[in-house]
Amino acid sequence: QVQLVESGGGLVQAGGALRLSCAASRSIFSGYSMAWYRHAPGKQRELVASISFGSTVRNYVDSVKGRFTISRDNAKNTMSLQMNSLKAEDTDDYYCNRLSLRRESYWGQGTQVTVSS
């Protein structure tokens, strides 16, 4: 059974911080590089951060480098995104999934992040 459950979003002021969490089924999580995406209705999906299975390789979109930190716990099939120094342009719906996507990839409900300027 596939599962992707995002949580931790909310409303914060610019400069504030949030920590997003992702609970995934083992079938999605185990052995795969994972990623955080942000995608809102009417907007293009963007890869925000990614992390290899062993956490050795971590990558970030330029706009969040130095502000966001991705991590994962393979024993718990969970992943986190620590978001610091938030900006209004970070406002979006955030989703977790594999780094390598397919057209038929399953998506969870996401978690909303709203940053007031």
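No hydrogens, no waters, no symmetry mates; every other heavy atom, side chains included, goes into these values. Along the sequence shown, the residues carry numbers beginning at 1.
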Show me the donor-acceptor pairs, under 3.5 Å and distance only, between side chains in residues 42-50 and residues at least two apart or in other chains.
| residue | atom | partner | partner atom | Å |
| --- | --- | --- | --- | --- |
| Lys43 | NZ | Asp92 | OD2 | 3.4 |
| Glu46 | OE1 | Arg38 | NE | 2.7 |
| Glu46 | OE1 | Arg38 | NH2 | 3.2 |

> How long is the span from the CD1 atom in Ile28 to the CG atom in Leu4, to the nearest 0.5 Å?
Replying inline: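 Between atom CD1 of Ile28 and atom CG of Leu4 there are 4.0 Å.
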> Rounded to the nearest 0.5 Å, what separation is found between the CD1 atom of Ile51 and the CE atom of Met34?
Replying inline: 10.0 Å
> Ser71 and Met79: which non-hydrogen atoms are nearest, and at how many Å?
Replying inline: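 Where Ser71 meets Met79 most closely, the heavy atoms are O-CG, 3.0 Å.
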Compile the donor-acceptor pairs under 3.5 Å between side chains in residues 11-27 and protein atoms, sequence neighbours left out, one pair per line.
| residue | atom | partner | partner atom | Å |
| --- | --- | --- | --- | --- |
| Arg19 | NH1 | Gln82 | OE1 | 3.3 |
| Ser25 | OG | Gln1 | O | 3.4 |
| Ser25 | OG | Gln3 | N | 3.1 |
| Ser25 | OG | Ser27 | OG | 3.3 |

> Linking I/L/V/M/F/W/Y whenever their side-chain heavy atoms sit closer than 4.5 Å, directly or via other members, would Tyr106 and Tyr94 fall into one cluster?
Replying inline: yes
> Are Val115 and Tyr95 connected in the hydrophobic side-chain network, where two residues link if heavy atoms are under 4.5 Å apart?
Replying inline: no
> More than 12 foreign heavy atoms under 6.0 Å from CD of Glu89: is that the case here?
Replying inline: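 Atom CD in Glu89 is crowded, with more than 12 foreign heavy atoms closer than 6.0 Å.
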>> Applying side-chain contact (heavy atoms from CB on, under 4.5 Å), can you list everything that pairs with Gln109, at least two apart in sequence or on another chain?
In response: none
> Can you tell me if Ser33 uses its side chain to pair, donor with acceptor, with the backbone of Leu99 under 3.5 Å?
Replying inline: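 No, the answer is negative, given that no donor and acceptor are paired below the 3.5 Å cut-off.
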> Got a sec, which pairs hit ring-ring contact (aromatic ring centres under 6.0 Å, His included) with one end in residues 46-74, sequence neighbours left out?
Replying inline: none
>> Please list all pairs meeting ring-ring contact (aromatic ring centres under 6.0 Å, His included) that have one or both residues in residues 23-43, counting only residues at least two apart or in different chains.
In response: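 Sorted pair list: Tyr37-Trp107.
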> So which pairs with a foot in residues 37-71 pass disulfide (SG to SG under 2.5 Å), sequence neighbours left out?
Replying inline: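 Found none.
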> How would you list all residue pairs meeting salt bridge (Lys or Arg N to Asp or Glu O under 4.0 Å) that involve residues 95-110, not counting sequence neighbours?
Replying inline: Arg102-Glu104
>> Running the 4.5 Å side-chain criterion over Ile, Leu, Val, Met, Phe, Trp and Tyr, what cluster does Val5 land in, apart from itself?
In response: none
> Taking ILVMFWY side chains as joined if any heavy atoms are under 4.5 angstrom apart, and letting links pass through other members, which residues group with Val57?
Replying inline: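 Other cluster members: none.
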> Taking only residues two or more places apart in sequence, or in another chain, which ones meet Asn74 in a side-chain hydrogen bond (donor to acceptor under 3.5 Å, both in side chains)?
Replying inline: Arg72
> Mind checking what makes salt bridge (charged side-chain N to carboxylate O under 4.0 Å, His left out) contact with Arg67, not counting sequence neighbours?
Replying inline: Asp90
>> Checking Lys65 now: which residues fulfil salt bridge (charged side-chain N to carboxylate O under 4.0 Å, His left out) with it, not counting sequence neighbours?
In response: Asp62
